[in-house]
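All remarks here apply to the structure that follows.
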Amino acid sequence: GVKIVTIGGGSSYTPELMEGFIKRYDELPIREIWLVDIEDGKEKMEIVGAMAQRMWDASPYDVKVHMTLDRREALPGADFVTTQFRVGLLNARIKDERIPFSYGMLGQETNGAGGIFKAFRTIPVILGVVEDMKELCPDAWLINFTNPSGMVTEAVMKYGKWDKVIGLCNVPVSAMMKEPETIGKTLDQLTYKFAGLNHFHWHRVYDENGKEVTQDIIDAMYEGKDSGIPVNIHKVPFFKEQLDAMKMLPCGYHRYYYRQQEMLAHGLEEYSDPEVGTRGQQVKQTEAELFELYKDPNLDHKPEQLAKRGGAHYSDAACETIASIYSNANRHIVVTTKNNGAVPDLPADCAVEVSAYIGATGAKAIAFGELQPAEKGWLQCMKNMEHCVEAAAVTGDYGMALQAFILNPQIPSGEKAKQVLDELLLAHKKYLPQF
Ligand code: NAD
Ligand code: G6P
Ligand code: MN
């Protein structure tokens, strides 16, 4: 039987993960699941852990859900370690959003100054997880979901020197769930090819005869058909002429870059309205509602309300990846993995988010080919920005943090960039021992 360890077990997404495992039990026979959290998340873990056990008890399978605050107790003998933690919990996210907005800059969980600080807080913790894995479960796979998922996964490979890692995101899953029906097709009739970075990828689509149908999906998008953009992203439309020239489908997050002014204006409007607040403030409400539901001793299945979270359906990526590794299925899944030439515009040893075949040896990235100048330019800028963020996260070097800030397209350079950096460093001091 398979042993799974989930770091950040108190997450409200845990029932989604359980549902995914229950659905795939025939392919992935799980013996035990260990949820790991910290003192600050103990209460959440106890509530959602009991709920997780009820879900297994209501299934035909005999699986025990263990809970611990000591990851070293959980890790020995693990086959898969999944990470879904949030250093500093939602209060830290709200600071990542509100402080940049207070300077007139985007405040967002994975983009701009907030995304950079989430990386600063998270990378030292994940590197600690990797050190424990080297000692306690050296053959395990690390399946990372913790944001910013691309940078966190790259740091594991580059600074943790751990190659058995796969980074995941629900954005490609949602696109593949919704887009086919916009052109009257089903997913199994289509071939998808994704390439780029986490929350910064593009994709192309082909039909069963090999004919490219990307433009048909672009056209359908402008007829108002649901193309699966996560609920947390405000839907300012892309410029149609731009997509026609691009000949690819951007991901939902690209609108922070292609419609920067409008997205910033919308974010500032919500931030300034005490009745609305930032996304993190909104999520706090949803999380409280979810945990009230999870407390119900009769609830033994994932509630509908979880769809209010932007990460809905993430278990399809996580559980599918784990099952495909375990059964050597070589299925197509979009993952963050080592480039190895799949995106020739970027170094071979960096992390990219790409279409890959997932089997017993991990991810085999599918070649995408060279990008056009505009996308190539963005990609190289964003990847090098990520390199600066990771270097600063590991060393605590202030100058490198400034390099990352000034390279980031959401942060105008100048005195204000330094001020927002300083204020964020102070606000998150407790979680930034490296600085
Ligand atoms: P959350 O605030 O519920 O945090 C999950 C748990 O992590 C909490 O119970 C918290 O106590 C725990 N935690 C914090 N520090 C820890 C540590 N050092 N060790 C172990 N546990 C720790 O977060 P959430 O909203 O459920 O999201 C969890 C993570 O998943 C976040 O990083 C979020 O950004 C990410 N996420 C990723 C995607 C994706 O597409 N990759 C989608 C949704 C969420
Ligand atoms: C999805 C993303 C995640 C993201 C999350 C936010 O869009 O793939 O990586 O951070 O949802 O959701 P939330 O409900 O927490 O705002
Ligand atoms: Mn994501």
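All residue numbers in this chain count up from 1 along the given sequence. Both ligands and their constituent atoms are indexed starting at 1 by order of listing. In this text, all values refer to a predicted model and were calculated from it rather than measured experimentally. No hydrogens, no waters, no symmetry mates; every other heavy atom, side chains included, goes into these values.
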Which is closest to [atom] by heavy-atom distance: [options]?
atom	options	answer
atom 36 (N) of ligand 1	I7, N147, D37	N147
atom 22 (C) of ligand 1	F291, F85, Y431	F85
atom 37 (C) of ligand 1	F145, Y13, Y314	F145
atom 3 (O) of ligand 1	K118, Q84, K44, R86	K44
atom 41 (N) of ligand 1	L69, L168, N170	L168

With a 4.0 Å cut-off on heavy atoms, is [X] touching ligand 1?
X	answer
M45	no
E287	yes
R93	no
R309	yes

Distance from [atom] to nearest protein heavy atom, with residue and atom:
atom	answer
atom 5 (C) of ligand 2	E109 OE2, 3.9 Å
atom 11 (O) of ligand 2	G310 C, 2.9 Å
atom 8 (O) of ligand 2	N170 OD1, 2.4 Å
atom 9 (O) of ligand 2	N147 ND2, 2.8 Å

[X] and [Y]: aromatic ring centres closer than 6.0 Å?
X	Y	value
F145	Y314	yes
F101	Y103	no
Y257	F200	yes
W378	H254	no
Y398	F435	no

Electrostatic pair [X]:[Y] at N-O distance under 4.0 angstrom:
X	Y	value
E287	K284	no
K42	E39	no
K338	D349	no

Check: Where's the contact between F145 and ligand 2, heavy-atom distance under 4.0 Å: side chain, backbone, both or neither?
Finding: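 Neither; nothing of F145 gets under 4.0 Å from ligand 2.
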
